[in-house]
Amino acid sequence: MKNFNPIKLSAIIIAAVVVLATIGSSIAIVPTGYTGVKTTFGQVNPNPVAPGFTFKIPFIQSMEKVNNKQQDLTVDGQIWSETSERATIFYENVIVTYQISSEKSAWLVANVSNYQTDIINSAVVSSAIKTASKELNNIDATNRGKIEPLTQTKLQAILDSKYGENTIFINKVIISNTDFEDSYNDAIAAKQNAQLEYERAAIVNQQAIEKAEADAKVKEKAAEGEANALKIRANAEAEANKKISDSLTDKVLANKFYDSWDGKLPTVMGDSSAILPAEIFGKTN
């Protein structure tokens with residue numbers, strides 16, 4: 001080992017390490033679902049890099065990876081607002097699902113500070129919910145099928161105005177819970193109880209009316225039946241009297257007189273023909 005030179009060996013090792021480091025720094029891997037953004041001395045390259053292997057200038061260029069997958073922002077706590085009818089309402093535990101456009105990744109890196117955490121924040125979500133709820137009445141404001149899509153529309157409009165269209169896409173808004181303040185709920189409960197009492201009273205009154213109407217109909221039918229019975233009896237009696245009257249001729253009356261006469265003449269003064277039948281004196285009509 002007469003020719004062994006430790007200084008020369010160290011230089012070779014250092015050179016090899018430098019070469020490997022240079023090669024390593026010139027290769028970048030962009031994972032699936034991400035976009036690479038190159039910067040050269042702090043200047044952002046406007047052309048995004050697709051997922052996969054890519055090269056960059058060692059020690060001059062750097063690569064930032066922008067997440068283009070679906071991401072969730074959770075807003076804990078309650079967001080208080082009002083409905084179109086001025087009822088105080090709150091929404092809590094809101095989850096916003098969004099995506100960053102891969103085509104706008106370089107623009108975000110160049111123009112938005114802390115875009116990873118602040119591109120959508122609780123204040124923006126709160127503003128969208130408050131705007132949406134004020135367009136809905138009390139019933140729709142608590143209907144997730146109404147408030148969630150409307151909030152999504154309002155939030156998308158805010159982000160489009162702030163970052164430009166097709167930069168951030170709001171895929172879904174989920175609101176875990178919503179309710180009115182206690183005073184409103186108490187008022188609703190009192191109103192419902194009053195309505196129930198009114199409906200119960202209306203039912204009782206209707207039943208009383210129906211019973212009175214039924215009783216009146218029974219009495220009416222009874223009176224009608226009695227009147228018909230009296231009419232029938234009266235008609236029968238009138239018919240009988242008519243038949244009797246028609247049958248009482250002078251001869252019949254004379255016969256009845258003879259049948260009941262005891263042979264004595266009345267002792268009163270006057271025309272006997274006024275008392276005795278005409279046949280006694282030989283008078284005819």
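None of these values were measured; they are calculated from a predicted model. We're numbering straight along the sequence, starting at 1.
Clustering ILVMFWY residues whenever any of their side-chain heavy atoms sit less than 4.5 angstrom apart, transitively, puts Val109 in the very cluster that holds Val112. In the hydrophobic clustering of this structure, Val75 groups with Ile89; members are Ile, Leu, Val, Met, Phe, Trp, Tyr whose side-chain heavy atoms approach within less than 4.5 Å, directly or through other members. Under the 4.5 Å side-chain heavy-atom criterion for Ile, Leu, Val, Met, Phe, Trp and Tyr, Met63 and Tyr34 are members of the same hydrophobic cluster. Hydrophobic cluster membership is shared by Val124 and Val96, with clusters built from Ile, Leu, Val, Met, Phe, Trp and Tyr side chains linked at under 4.5 angstrom. Under the 4.5 Å side-chain heavy-atom criterion for ILVMFWY residues, no single connected hydrophobic cluster contains both Val94 and Trp80.
Sequence neighbours left out, not one pair with a member in residues 122-131 passes side-chain hydrogen bond (donor to acceptor under 3.5 Å, both in side chains). Pairs passing the salt bridge (Lys or Arg N to Asp or Glu O under 4.0 Å) check and including a residue from residues 134-144, sequence neighbours excluded, read Glu135-Lys154, Arg144-Glu148.
Under the side-chain contact (heavy atoms from CB on, under 4.5 Å) criterion, Asn114 pairs with Thr117, Asp118, sequence neighbours left out. For the side-chain contact (heavy atoms from CB on, under 4.5 Å) test, residues two or more places apart in sequence or in another chain that qualify with Thr74 are Asp76, Ile95. With sequence neighbours excluded, the residues that form a side-chain contact (heavy atoms from CB on, under 4.5 Å) with Gln71 are Asn67, Tyr98, Ile100. With sequence neighbours excluded, no residue satisfies side chain to side chain donor-acceptor pair (under 3.5 Å) with Glu213. By the side-chain contact (heavy atoms from CB on, under 4.5 Å) test, Thr153 pairs with no residue at all, sequence neighbours left out. Evaluation of the side chain to side chain donor-acceptor pair (under 3.5 Å) rule for Ser133 yields Ser81 as partners, not counting sequence neighbours. Residues meeting the side chain to side chain donor-acceptor pair (under 3.5 Å) test with Lys65, sequence neighbours left out: none. Taking Glu82 as the reference, Arg86 meet the side chain to side chain donor-acceptor pair (under 3.5 Å) condition, with sequence neighbours excluded.
Other residues, nucleotides and ligands place more than 12 heavy atoms under 6.0 Å from the CD atom of Glu85. Shown here is Gln116, whose CD atom has more than 12 heavy atoms of other residues, nucleotides or ligands within 6.0 Å.
Looking only at atom types and distance, the side chain of Asn68 has a donor-acceptor partner in the side chain of Ser105 under 3.5 Å away. Between Thr83 and Asn138, the side chains place a donor N or O and an acceptor N or O closer than 3.5 Å (distance only, hydrogens not considered). Judged by distance alone, the side chains of Glu210 and Gln206 do bring a donor and an acceptor atom under 3.5 Å apart.
A heavy-atom distance below 4.5 Å is not found between the side chains of Asn121 and Val125. In this structure, the side chains of Thr88 and Phe180 stay at 4.5 Å or more apart for every pair of heavy atoms.
Scanning all heavy atoms of the two residues, the minimum distance from Gly33 to Pro51 falls at N-CG, 4.4 Å. Across all their heavy atoms, Asn45 and Asn47 have their closest contact at OD1-N, 3.0 Å. Heavy atoms only, all atoms of each residue included: Pro48 and Thr35 are closest at CB-CG2, 3.2 Å. Pairing each heavy atom of Ala132 with each of Leu150, the nearest pair is O-CD2, 3.4 Å.
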Would you list the atom pairs, donor with acceptor, under 3.5 Å between side chains in residues 36-43 and any protein atom, with sequence neighbours excluded?
| residue | atom | partner | partner atom | Å |
| --- | --- | --- | --- | --- |
| Lys38 | NZ | Phe55 | O | 2.7 |
| Thr39 | OG1 | Ser62 | OG | 2.4 |
| Thr40 | OG1 | Gln61 | NE2 | 3.0 |

Throw together a table of side-chain donor-acceptor distances under 3.5 angstrom for residues 167-178, partners on residues two or more places apart or in other chains.
| residue | atom | partner | partner atom | Å |
| --- | --- | --- | --- | --- |
| Thr167 | OG1 | Lys104 | NZ | 3.3 |
| Thr167 | OG1 | Tyr163 | O | 3.1 |
| Thr167 | OG1 | Gly164 | O | 3.1 |
| Asn171 | ND2 | Gln99 | OE1 | 3.4 |
| Ser176 | OG | Asn93 | O | 2.8 |
| Asn177 | ND2 | Glu92 | OE2 | 2.6 |
| Thr178 | OG1 | Phe90 | O | 3.1 |

For the pair Phe53 and Val30, evaluate side-chain contact (heavy atoms from CB on, under 4.5 Å) and give the outcome as yes or no after the intermediate values. CA-CA 6 Å; Phe53 286 94; Val30 179; over 6 Å; no

Stepwise side-chain hydrogen bond (donor to acceptor under 3.5 Å, both in side chains) check, Asp72 with Thr97: CA-CA 5 Å; Asp72 288 339; Thr97 302; 2.7 Å; yes

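Atom CD1 of Ile147 sits about 12.0 Å away from atom CD of Gln152, to the nearest 0.5 Å. Distance OG1/Thr151 to CG/Leu155: 8.5 Å, rounded to 0.5 Å.
A donor-acceptor contact shorter than 3.5 Å is absent between the side chain of Ser161 and the backbone of Ala157.
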